Every structure is written in C-alpha cells, then in structure tokens.
Student: 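The structure that follows is given in the form of structure tokens.
For clarity, every value in this text was computed on a predicted model and none was experimentally measured.
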Amino acid sequence: MTSTLPYHPSRFVWQCVLVALLALLVVFPAYAKDTAPPASSEGTSPGGSQSKVDADKIFGAIVRIETHAVPDARSADSLGEAREGTGIVIGKDGLILTIGYLIVEANDVQVTDSKGHRYPANIVAYDQATGLGLLRTVVPVDATPITFGDSAKVAEREPVLILNAADGASFAWVVSKRSFTGDWEYHLDSALFTSPPTTDWSGAALINRDGKLVGIGALIVSKATDGELDLPGNVFVPIDVLKPVLADLVRQGHRTGPARPWLGVSAEELQGHLFVTKVSPDGPAEQAGIAVGDIILGVGDAPVTSQDDFYQHVWAKRQAGDEVPLKVLKGVEVKEVRVRSMDHVAYLRPHATI
C-alpha cells in the first residue's frame with residue numbers, strides 16, 4: 001500500500017533547476033585551460049544540444065529513504081537509531097540503490113518518491129566490500145529506473161550533477177579519482193571525489209552529462225583534491241563496483257564467494273603508526289585483547305604503517321573466519337595477538353528482509 005503526501009510546491013522548481021543544470025553539463029567547458037570538453041556521446045548531439053536526457057525521468061528516480069534501527073543495534077552509536085538519505089530507483093520492481101549505512105540493521109524502512117507517495121520497503125542486501133545497499137518497496141515505485149553510466153570513464157575536472165531527495169540538484173566538479181580507505185575496514189580502489197560539497201550526501205546520485213548514474217554519495221571530506229590545493233567535497237562510490245555483484249546481491253542477498261575477514265577495529269594513521277581508536281564491542285579484536293591506544297605494527301611478518309597497508313594485508317589470501325596474526329605495541333611491550341576474524345554482516349543485528 002502507498003500513501004500520498006500533499007504536493008510539494010517546490011517540485012516544479014526542482015525540475016526546472018534540474019533541466020537547466022543538465023543543459024549546463026552539455027555546454028559548460030572544463031574549468032582548466034588544458035582540459036578539453038568531453039566528446040559528444042549518447043546523451044548529447046554533436047552540436048551540444050540535449051537529445052536523449054529526460055530530466056523528468058531522472059528526477060522521478062530519486063527517492064527519500066527513512067529508516068529506524070532494530071532495538072540494541074550495534075551501529076546505533078555511530079550511525080544513530082533514525083537515519084535518512086537518498087535512494088535511486090534502478091529496477092522496475094521497486095529495486096532501489098543507496099549507501100549501505102542507511103539500511104544497516106534497519107527494521108523499519110520507508111521510501112517517499114518525488115510525487116510524495118510513501119512506500120514501505122524491505123532490505124534486499126548490504127554489501128560490506130562496496131559499502132552499498134539495496135532495498136525493494138512492497139509496491140513498485142512509479143518511476144523509470146535510472147541508467148548506469150561508466151564511472152571508469154569519468155574524468156577529473158568533469159562537471160557532474162549531485163541529486164538528493166532533500167534539496168534537489170547541485171552542480172559540482174570531479175576534482176580527483178583515487179583510492180579511499182576508511183577506518184571502519186573499508187577500501188575503494190578508485191573513489192570519485194567532487195567539489196564543492198553537498199551537505200545531503202548520503203545515498204545521493206552522481207549524474208554525468210549523459211544523465212547516467214556514475215556514483216553513490218558516501219561521505220563529506222575536508223580535502224577532496226589530491227595535491228597541495230585543499231578543497232572540501234564529497235566521496236562517491238563508483239557505480240562500476242556494483243555491476244559485477246548486483247545479480248548476486250539481488251538473488252541471494254550477498255555476493256557469491258567467501259566474505260572478507262572483519263576484525264572490528266578502527267585505527268588512525270599518525271606519524272607513520274596505526275593507533276587503535278575504536279574497538280567494536282564483543283567483536284573479534286576485543287575478544288582477542290586489542291584495546292584503544294594500542295599501536296598496530298604489523299600483520300604477521302609484514303609491517304604496516306597506513307590503513308591501506310593494514311587492510312590489504314589482513315584481506316590478502318584470507319576469508320571470514322580465518323585467524324589473523326597481528327603484531328601490537330601495548331604500552332612498552334610488543335605482543336603477538338591472534339584475532340579470529342568473522343563476517344561483518346554476521347556481527348550485525350538481524351534486520352528486515354524479504
């Protein structure tokens with residue numbers, strides 16, 4: 001069942017803004033003199049006019065997601081019990097893509113479309129490796145699914161649109177493409193960084209000049225650029241990381257194959273050392289005796305000095321359930337600590353599923 005909310009008077013304005021910004025993506029030149037505007041592609045005609053991009057359809061694929069976590073959710077301290085953000089309709093059967101932390105341990109999931117119709121939804125999948133999540137409304141949303149673009153072909157200095165369900169559309173540049181590592185045991189080989197930042201980034205759609213989806217909003221960062229220039233911005237998960245696993249996630253709720261080992265430890269880099277800043281309660285690291293203030297020196301015989309080093313060595317040739325040998329400085333004593341890893345999803349409280 002769906003319910004209808006009062007018509008929002010800003011919807012027409014929002015659509016007009018979206019049309020204007022999509023037009024700008026086609027004709028607006030790159031901001032650097034040594035960067036030529038991309039060649040015309042499927043969404044544009046050789047003369048630079050918008051030929052195939054339908055702003056109304058793109059607008060219709062953007063939905064608001066509101067969730068409430070299950071009682072005693074392990075993620076409540078860091079993510080809160082009530083969460084909201086943006087979702088993107090990618091399937092005619094009500095399949096919606098969003099950033100995963102919005103639906104982690106969620107028990108009550110509600111979706112509101114661009115027309116104000118409200119739909120209850122169930123969680124389809126949460127993928128720890130990509131950080132993405134899928135849900136499906138119990139009644140299909142009346143919207144045309146958005147088309148996937150090719151995030152690998154998105155160029156630095158390329159203009160893009162950021163669409164979210166809170167305040168509509170904003171114009172941005174891709175200011176860098178590089179790896180991103182988060183202290184929650186997360187890594188992307190080639191994340192998309194944009195600037196200026198949007199404040200409603202959670203699950204926001206990153207749209208290229210052809211009106212296609214190339215990224216999903218994950219974070220706001222103080223430094224989106226790669227180099228001496230410091231510009232704040234947002235991190236987007238590239239859509240290409242979803243493509244190889246989408247069918248598995250829809251069919252069985254998880255990717256095929258063994259899960260990545262998870263330790264339940266957050267570590268921050270400081271002067272070439274990894275200081276433990278958080279340990280998940282009852283997680284593998286805590287059970288093995290790892291504590292806040294410890295310094296992680298290595299994984300087995302391999303020394304580590306960065307988050308990326310740490311996670312890559314933990315994940316190399318291991319799967320969830322394997323033992324991970326760590327070399328840890330506790331006070332003034334170096335100790336060997338063996339941590340029995342697990343699947344992170346198994347650590348989370350059960351959520352609403354189909």
Side-chain angles (χ1 to χ4, degrees), residues 69-81 99-101 104-105 126-133 179-189 191 218-219 221 235 237 254-255 257-351:
V70 299
D72 301 320
R74 296 185 185 275
S75 58
D77 287 344
S78 57
L79 299 176
E81 295 182 358
I99 195 67
Y101 57 72
V104 165
E105 299 182 297
Y126 164 63
D127 185 52
Q128 166 70 12
T130 62
L132 298 176
S179 64
F180 172 80
T181 304
D183 66 359
W184 56 96
E185 301 180 54
Y186 180 71
H187 176 82
L188 292 170
D189 287 334
L219 296 165
V221 291
V235 180
V237 180
H254 58 83
R255 62 174 62 207
R260 179 181 285 175
W262 179 77
L263 306 182
V265 60
S266 297
E268 293 285 351
E269 302 172 17
L270 182 62
Q271 297 181 341
H273 297 290
L274 278 180
F275 288 82
V276 175
T277 56
K278 181 180 178 181
V279 179
S280 298
D282 301 320
E286 184 182 79
Q287 293 179 4
I290 303 293
V292 172
D294 291 348
I295 300 176
I296 299 173
L297 303 176
V299 179
D301 295 329
V304 295
T305 59
S306 68
Q307 292 174 344
D308 186 45
D309 282 346
F310 177 38
Y311 298 141
Q312 296 301 334
H313 280 101
V314 169
W315 299 334
K317 300 180 181 179
R318 294 188 182 90
Q319 61 187 50
D322 288 349
E323 195 173 67
V324 180
L326 299 181
K327 184 176 293 184
V328 180
L329 178 63
K330 287 180 163 288
V332 295
E333 184 178 1
V334 176
K335 292 188 175 183
E336 301 286 341
V337 180
R338 307 191 75 83
V339 182
R340 178 66 63 181
S341 68
M342 67 181 298
D343 181 355
H344 182 227
V345 174
Y347 173 77
L348 303 171
R349 308 292 189 197
H351 53 62

Student: What is the distance from atom CZ of R340 to atom CG of D322, rounded to the nearest 0.5 Å?
Tutor: 7.5 Å
Student: Testing the basics here: between F310 and V299, what is the closest heavy-atom pair and its distance to 0.1 Å?
Tutor: CD1-CG2, 3.7 Å
Student: With a 4.5 Å cut-off on side-chain heavy atoms, are R260 and Q319 touching?
Tutor: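 Counting from C-beta outward, Q319 and R260 never come under 4.5 Å.
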Student: Could you give the distance from CG (D183) to OH (Y311), rounded to the nearest 0.5 Å?
Tutor: 5.5 Å
Student: Provide the closest heavy-atom pair for V235 versus A191 in the form atom of the first, atom of the second, distance.
Tutor: CG1-CB, 3.9 Å
Student: Report the relative orientation of the aromatic rings in W262 and H344; use parallel for angles under 30°, tilted for 30 to 60°, perpendicular for over 60°.
Tutor: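 Correct class here is tilted.
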Student: For V304 versus H313, what's the shortest heavy-atom pair and its separation?
Tutor: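 Result for this residue pair: CG1-ND1, 3.8 Å.
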Student: Let me have the donor-acceptor pairs involving side chains of residues 274-293, under 3.5 Å, with sequence neighbours excluded, atom names and distances please.
Tutor:
unit_1: T277; atom_1: OG1; unit_2: S266; atom_2: O; d: 3.4
unit_1: E286; atom_1: OE1; unit_2: D282; atom_2: N; d: 2.7
unit_1: Q287; atom_1: NE2; unit_2: D282; atom_2: O; d: 2.9

Student: Thinking salt bridges, do R349 and D72 make one under a 4.0 Å N-O criterion?
Tutor: no
Student: So how far is it from D308 CG to F180 CZ, rounded to the nearest 0.5 Å?
Tutor: 11.5 Å
Student: Measuring from atom CD of Q128 to atom CG of D343, what distance do you get when rounded to the nearest 0.5 angstrom?
Tutor: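 One finds 8.5 Å between CD of Q128 and CG of D343.
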Student: What's the spacing between L297 CG and H273 NE2 if we round to 0.5 Å?
Tutor: 8.0 Å
Student: What's the spacing between E105 CD and L79 CG if we round to 0.5 Å?
Tutor: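 CG of L79 is found 8.5 Å from CD of E105.
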Student: If you compare all heavy atoms of A69 against all heavy atoms of G80, which two are closest, and at what distance to 0.1 Å?
Tutor: CB-O, 4.5 Å
Student: Could you check if a side-chain atom of V314 sits within less than 4.5 angstrom of a side-chain atom of P261, using non-hydrogen atoms only?
Tutor: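 SC-SC contact between V314 and P261 confirmed.
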Student: Looking at H187, Q307, Q312, E269, which one forms a side-chain hydrogen bond (donor to acceptor under 3.5 Å, both in side chains) with T181?
Tutor: H187
Student: So do the side chains of V345 and H254 get within less than 4.5 Å of each other, counting heavy atoms only?
Tutor: no
Student: Less than 4.5 Å apart, any side-chain heavy atom of V328 and any of V334?
Tutor: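 V328 does not reach V334 side chain to side chain.
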Student: Which heavy atom in A76 sits nearest to a heavy atom in E81, and how many Å separate them?
Tutor: CB-CG, 4.0 Å
